[in-house]
Every structure is written in structure tokens, then in C-alpha cells.
Amino acid sequence: TPYVLRKNGLEPYSVPLEELEEILKPTHGVLIFQEQVLEVAHAVAGFSLAEGDLIRRAMTKDHGYGAMRKIREEFVGRAVGRGVPEGKAREIFEWMEGFSVYGFSAAHAASFASLSYASAYMRCHHPAEFFCGVLNSQPMGFYSPRIILNEARRVGIGILPPNIHLSGKDFTVEEDGSALRIGLRYCKGLSERAISSIVSERCKRPFVSVADLYQRTQVERDSLVRLVKGGFLAPLVEGRGDQTRLLKAVEVLHKKRAHEHQPEIPLPHPASWWTARENRKVEHLPLTQTQRERIEWEILGLNVSRHPLSPYREALDKLGVTTSEALKQLNHGTRTRAAGLLECLQCPPTKSGKPVWFLVLEDEQGLLQATIFRSVYQRYGYLLHQRGAFLLEGRVENTPEKGFSFLVQSIGDLREVIVGARVSAPKTVSASGAFLRASRRGRRAG
């Protein structure tokens, strides 16, 4: 935050000592690069660059309190010997020590910056190709394929259903860059051999029935059932994919003999890492009017037709839920409700040593990171590890210095709340009062 404010001329910058002016001027008085640690140690305490590098290494590794105290006293003693006040010398050392948690070398930072700018360019000018590339590189990064596909939908990219004749091995871009088609690799249980045989055979002639596909490819019967449930075989029946007829056609097929006496080895599913990590399930929401969306999730690990919360917009409105986008526009101190599906729950180390949990939820309009302190976690933590969709009550923090955050005060199981949604609508309010319905509405997704 200080760097951004200073770079934009909104805050003047200063340095602890005049000798550090030239070192920190390029980064607006903020210690950013590891190379700067070496220069600061040299300017303040007269360390050689080699000795400064030893300080840098010690700070970036856990050498224990005794080792760091010895280094600190050496730094302070040599700085005082050069005329630096002892208090100022200790302040600078603590500043350098705090930097070590997040510091980068300049070369490392430049490499990340290059990738970041290239990715941002693709995301802006070629969004379909960008999302396609990310979805085809799973598992990777922080966000699950489900989140990435929902984001593509939010920015206006069409999501085309699986199709045994049109789906490639991976996601593909169609309709002149305006849509994405789900690939065969996202069907759980398919093997590399099965996918290759599908692609090879359909190039010769289209499949005309379930039996035709089964006879001409290396697809096993269990995998054939998954292809049906995932919607890949919908083009083989008239109308909007009668799954019941297709599944009955699979039932009468004889089980194949093992090819070359080797068992079929399914490909790892792109979403398997996230599914195992958080055990997210759409079953954490009540049944909708159709089972199709739930089956999509079970087989593909994706929400193809629409976002899982779409059927519950009216119920969420009645509960006084504010969307993730609208939350960011609320004033500091506002109390309100939020709701979404679990994406990630983390408890990283903190400077104070007190645990803080960060809960990332997704609703129709985007992502929300909520902050949960120990007292709240002790009351509701069991829900976070047993459920996949939550209703949160909390308070908005939104200041120029700290930015936006949502501090959670209570957590509910969204399924139970929706099922019993005969409750009167709560209200969302400004900093000091009872709940009021949030008046600002975000754009509709999907």
C-alpha cells in the first residue's frame, strides 16, 4: 500500500537515514529487492556486500532467536560505530528483518513481472484463449477449474457443452474466440487410450449410437456411463439428450475383455487436486428442479450450464445477502451478509503468532475473501471442514490504507438456511444499526 500511494503521488516518501536515499529512491522508499538489503547493510553498518549477503540469507532461513540476536547486535554495534544512533540502527534492522518474509531478488521479480504482463495482455485481448490455456494446464495455481470456468462465463465467454464429435482432448476455443468447448479429459475415469481412440475413430466417420461408439473405441463400459452422464453422448439421441435411454443402451452391452491383459488406467482428472483438498460438493446445496447440474459436477468437476447459486437468487435476496461485487462498494463498518461456495480455507503464519483463517468463497459475481479470527473459528470451525457452502454475517472494513476485507462474525450452513428460508428477510446496515437490505446491485452473471 505505501508503494502504490507513493508511486501515484498520494503520499510523500521518506527514508530512515539520509544515506539510504539513493538506495531506496527507485522503489519510493520501500524495501523490495533482496539486493537492497546488501546495500542498506553496507551504507548503515559498513558491511561488505558479501557480509550483507550473509545477513540476507540468515533472515530468509529459520536460524533461531540466538543466531538472529547475534547478527542484530553485530549490525547495531557496527552502525553505532559509524555514528548512527542506536535506536535508529535497531529500527533499520527490524525493518530489514520484516522485509525478509516477502523479499524477492530483482531478477526473480523481473521474471514474474514479464509473465504477469504477458498474462494480463492475453487476459485482456484474447480472453477465450487465455482461459483455455489455463484450464488445459491443470492442476496449477491457486484457483480450481470450476472457478476459472465460472470467471470465463462472467466476462461473457460462452460455455459449450461436451460433445463426443466436437470435444477435443482438452478445452478448445470455438465460435471465433467467443466460446469454450469442454474437453474429453474432464470426463472422470477416461484413459489416454480411450480418448485417443475416440478422436481417431470419429475422424473416419461419426458415431451413430452408444453401441457403435463402444465397438469402435477403447472405451470401457464404466467409462461409457460417465460419458453419458457428463453429456458427451447427448448428440446421439434426438432432442436434449435423453440420458435414461442412453444409460439403458449401455446396460445391454457386454463387458469387454482386457486389452493386452492390461487394466485401463484413467487419466488424473484436472480438478482432482482441489476436490481432494477441500472436499467440495454441490450436494452441500439443496436439490434444484433438475439433477443434470449435479451430475455435471460429479462427472466433470465443472458447472457447465450455470453457476450453482443461480437457482437460489430469490432465496438469497430474501436473506439479505450482498453479492461479492456489491460488498466491495459498501462503506467501512457496514454490517451485512454474504454467501458462497467454498474455494479455499487457509491459516497462514502471522507476525503476532495468533491464528487467523482466510476463507475464499465464490458466488455468481466473483470471489470474496473473508477473515475469521480465533473466537469465531472456535464457534463455527467445524462447519468449515464439513460443509461446502456458507452464509456469513460480518462487518466490512474498507479504508484507503488497508483496502477491503470482510470480518466474519458468524457462519451458517447455506443448505440448512435455504431449506428453512421462511425466516423474515434480515437487513444490511451502515456502520451503526440493525440490518438493512443492501441497495446496490451488481451485474447479473451468466
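Numbering of residues begins at 1 and proceeds along the displayed sequence. Every value quoted in this text rests on a predicted model; they were computed, and no experiment measured them.
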message: What I want to check is whether the side chains of S191 and Q218 have a donor and an acceptor closer together than 3.5 Å.
response: no
- request: Apply side-chain contact (heavy atoms from CB on, under 4.5 Å) to F404 and L327, showing your working.
  value: CA-CA 9 Å; F404 171 85; L327 267 173; 4.1 Å; yes
message: Please check if the number of heavy atoms outside H125 that lie under 6.0 Å from its NE2 is greater than 12.
response: yes
- request: Report the residues that fulfil salt bridge (Lys or Arg N to Asp or Glu O under 4.0 Å) with R395, sequence neighbours left out, ordered by chain and then residue number.
  value: E397
- prompt: Does a side-chain heavy-atom distance below 4.5 Å link K169 with V199?
  reply: no
message: My understanding is that only residues two or more places apart in sequence, or in another chain, count here; which of them pass salt bridge (Lys or Arg N to Asp or Glu O under 4.0 Å) with E362?
response: R146, R154
message: Is any side-chain heavy atom of E175 closer than 4.5 Å to one of L160?
response: yes
- request: Examine the side chains of S305 and E296 and answer whether a donor and an acceptor come within less than 3.5 Å of each other.
  value: yes
query: Does the side chain of F358 reach to within under 4.5 Å of the side chain of L345, using non-hydrogen atoms?
result: no
- prompt: Is the closest side-chain heavy-atom distance between S167 and Y186 below 4.5 Å?
  reply: no
statement: For E314, the salt bridge (Lys or Arg N to Asp or Glu O under 4.0 Å) test, sequence neighbours excluded, returns K318
query: Can you find a side-chain donor-acceptor pair between E364 and T323 that sits under 3.5 Å?
result: no
- request: Check for a donor-acceptor pair, side chain of E35 on one end and backbone N or O of A106 on the other, with a separation under 3.5 Å.
  value: yes
- prompt: Atom SG of C132 and atom CZ of F171: how far apart are they, to the nearest 0.5 Å?
  reply: 7.5 Å
query: Could you give the distance from CG (L31) to CD (E39), rounded to the nearest 0.5 Å?
result: 10.0 Å
query: Which value, rounded to the nearest 0.5 Å, describes the distance between T217 atom OG1 and R193 atom CZ?
result: 11.0 Å
message: Run the salt bridge (charged side-chain N to carboxylate O under 4.0 Å, His left out) test on K248 and E251 for me, step by step, so that the C-alpha distance in whole Å, both residues' side-chain angles and the decisive distance to 0.1 Å come before the verdict.
response: CA-CA 5 Å; K248 286 182 177 179; E251 288 176 4; over 6 Å; no
- request: May I ask you to test the V173-L180 pair for a side-chain heavy-atom distance under 4.5 Å?
  value: yes
- prompt: Ring centroid separation for F112 and F104, is it under 6.0 angstrom?
  reply: yes
- request: Using ring pair (Phe, Tyr, Trp, His ring centres under 6.0 Å) as the criterion, list what pairs up with H307, not counting sequence neighbours.
  value: none
message: Run the ring pair (Phe, Tyr, Trp, His ring centres under 6.0 Å) test against F131 and tell me which residues pass, sequence neighbours left out.
response: none
- prompt: Is H269 close to R185 at the side-chain level, that is, under 4.5 Å between some pair of heavy atoms?
  reply: no
- prompt: In terms of side-chain heavy atoms, does S405 have a donor or acceptor partner in T371 at a distance below 3.5 Å?
  reply: no
statement: Hits for salt bridge (Lys or Arg N to Asp or Glu O under 4.0 Å) against R226, two or more places apart or cross-chain, chain-then-number order -> none
message: Whether the D363 and S324 side chains hold a donor-acceptor pair (N or O, under 3.5 Å, no angle test) is what I'd like checked.
response: yes
query: Yes or no on side-chain contact (heavy atoms from CB on, under 4.5 Å) for L316 and L414, after CA distance, side-chain angles and deciding distance?
result: CA-CA 10 Å; L316 295 176; L414 186 58; 3.9 Å; yes
Non-hydrogen side-chain atoms of L236 and V208 separated by less than 4.5 Å: no
Note, V155 side chain near E151 side chain (heavy atom, < 4.5 Å): yes
query: Taking the six-membered ring for Trp, are Y3 and Y13 ring centroids under 6.0 Å apart?
result: no
